[in-house]
J.: 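Got a structure for you, written out below as structure tokens; questions coming shortly.
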Amino acid sequence: MRKVARAVTQLNLFIGRWASLAIFIIFALLLADVVMRYMVGRPAIWTAELATLIFGVYAIIAGGSLLAQRGHVNVDIFYGRLSPRRKALVDIVTWPLFLLFVFVLLWQGYDMASESIADMERSNSVWKAPLWPTKTFIPIAAFLLFLQGLVRLWSDIRVLRGLPVDEETFGVPAPLGHDATEVTHER
């Protein structure tokens, strides 16, 4: 089971590293658009739309990697002060909300991708960019996020039980909490 958890985490981290490179492609496309618009006097009809489609894939496919790195937003006013065991308990209690979110994303994403593939959907722009490849990534990303969520749940259960949680298998562990009495004042 640990091998599966490690494989899921490492796959999501690998995908996240590669997806982060999409920013350079988006930058190049938008730069080309600006150059074409202001230096040549004729904007390219496809650069901004392609950048948007790539950004859509980038934003959704990196979710599992973000979860493995604990990069999602928390209300640190409360959560940040908790001990790792209490953070794990909060994560377990709120896991059904995560499951609901991922289930809806998977279900609706699958429906959206299926229809888009069946129709070979294209945009309404002059370029008529194919939309179905981008929409295909939605259920794939949701499934990868779900798998990483299972790994995270197992990690939280291990933390509650006092068992070790290694980063390569379970992702980044919860940071240590802040206690109001630990705050030091420098002068």
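FYI, side chains are in, hydrogens and waters are out, and symmetry mates aren't considered; it's all heavy atoms of this structure.
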J.: Identify whether the distance between the nearest side-chain nitrogen and carboxylate oxygen of Asp156 and Lys87 falls below 4.0 Å.
T.: no
J.: Output the distance between atom CZ (Arg85) and atom CZ (Arg161), rounded to the nearest 0.5 Å.
T.: 11.0 Å
J.: Any non-hydrogen side-chain atom of Met120 less than 4.5 Å from a side-chain atom of Pro130?
T.: no
J.: How long is the span from the CG atom in Leu50 to the OG atom in Ser125, to the nearest 0.5 Å?
T.: 11.0 Å
J.: List the atom of Ala88, the atom of Leu160, and the distance in Å for their closest heavy-atom pair.
T.: CB-CG, 4.3 Å
J.: Quick one: does Trp18's side chain have a donor or acceptor within less than 3.5 Å of a partner on Leu13's backbone?
T.: no
J.: Specify whether Phe55 and Tyr58 have parallel, tilted or perpendicular ring planes, treating 30° as the upper limit for parallel and 60° as the lower limit for perpendicular.
T.: tilted
J.: Would you confirm whether Gln10, through its side chain, and Glu168, through its main-chain N or O, come within 3.5 Å as a donor-acceptor pair?
T.: yes
J.: Can you find a heavy atom in the side chain of Asn12 that is under 4.5 Å from one in the side chain of Leu67?
T.: no
J.: If I take atom CD1 from residue Ile138 and atom CG from residue Asp111, how far apart are they, to the nearest 0.5 angstrom?
T.: 11.0 Å
J.: Do the side chains of Val8 and Phe146 join up, straight or via other hydrophobic residues, at under 4.5 Å, putting them in one cluster?
T.: yes
J.: Do the side chain of Arg70 and the main chain of Val172 share a donor and acceptor less than 3.5 angstrom apart?
T.: yes
J.: In terms of hydrophobic clusters joined by side-chain contacts under 4.5 Å, are Phe103 and Met112 together?
T.: no
J.: Would you say Phe170 ends up clustered with Phe98 if hydrophobic residues are merged whenever their side chains have heavy atoms under 4.5 Å apart, either directly or through other cluster members?
T.: yes
J.: Got a donor-acceptor contact below 3.5 angstrom from the Ser20 side chain to the Arg17 backbone?
T.: yes
J.: Just wondering, do Arg122 and Trp132 contact through their side chains at under 4.5 Å, heavy atoms?
T.: no
J.: What pairs with Phe27 under side-chain contact (heavy atoms from CB on, under 4.5 Å), at least two apart in sequence or on another chain?
T.: Leu31
J.: Is any side-chain heavy atom of Glu49 less than 4.5 Å from a side-chain heavy atom of Thr52?
T.: no
J.: Could you give the distance from CD (Glu115) to OH (Tyr110), rounded to the nearest 0.5 Å?
T.: 11.0 Å
J.: Would you give the length of the straight line joining atom CG of Leu30 to atom CD1 of Ile25, rounded to the nearest 0.5 angstrom?
T.: 12.0 Å
J.: Might you confirm whether atom CG of Leu163 has over 12 heavy atoms from other residues, nucleotides or ligands at distances under 6.0 Å?
T.: yes
J.: Give a yes or no answer on whether the side chain of Ser155 reaches the backbone of Val151 with a donor-acceptor pair at less than 3.5 Å.
T.: no
J.: Under the side-chain hydrogen bond (donor to acceptor under 3.5 Å, both in side chains) definition, can you give me all pairs with a residue in residues 21-47, not counting sequence neighbours?
T.: Asp33-Arg37, Asp33-Thr47
J.: Is there side-chain contact between Glu121 and Lys135, with at least one heavy-atom pair below 4.5 Å?
T.: yes
J.: Any donor-acceptor pair under 3.5 Å linking the side chain of Thr9 with the backbone of Thr169?
T.: yes
J.: Run the numbers on Trp95 and Leu150 for side chain to side chain contact (heavy atoms under 4.5 Å, CB included), then give the verdict.
T.: CA-CA 9 Å; Trp95 199 82; Leu150 287 174; 3.8 Å; yes
J.: What's the shortest heavy-atom distance between Ala19 and Ile61, and which atoms?
T.: CB-CG2, 3.7 Å
J.: Count I, L, V, M, F, W, Y as connected when their side-chain heavy atoms are under 4.5 Å apart, and connections chain through other members. Are Val73 and Leu100 then in the same cluster?
T.: no
J.: Can you confirm whether Leu144 sits close enough to Ile140 that some side-chain heavy atom of one is under 4.5 Å from a side-chain heavy atom of the other?
T.: yes
J.: Just wondering, are more than 12 heavy atoms of other shown residues or ligands nearer than 6.0 Å to CH2 in Trp127?
T.: yes
J.: Mind listing the closest non-hydrogen atom pair of Ala142 and Val102 along with its distance?
T.: O-CG1, 3.5 Å
J.: Step through the shown structure and confirm whether more than 12 heavy atoms of other residues, nucleotides or ligands are within 6.0 Å of CZ on Arg158.
T.: yes
J.: Mind listing the closest non-hydrogen atom pair of Pro139 and Gly109 along with its distance?
T.: CD-O, 3.6 Å
J.: Got Tyr79 and Asp91 here, is their nearest side-chain heavy-atom distance under 4.5 Å?
T.: yes
J.: Please report the interatomic distance CG(Asp119) to CG(Leu131), rounded to the nearest 0.5 Å.
T.: 11.0 Å
J.: Same cluster or not: are Leu145 and Leu66 linked, directly or through other Ile, Leu, Val, Met, Phe, Trp or Tyr residues, by side-chain heavy atoms under 4.5 angstrom apart?
T.: no
J.: Going by heavy atoms in the side chains, are Leu105 and Ile60 under 4.5 Å from each other?
T.: yes
J.: Given the rule in the side chain to side chain contact (heavy atoms under 4.5 Å, CB included) test, do Arg2 and Asp166 qualify, once you have shown the distances and angles that lead to the verdict?
T.: CA-CA 10 Å; Arg2 288 179 69 98; Asp166 67 286; 2.6 Å; yes
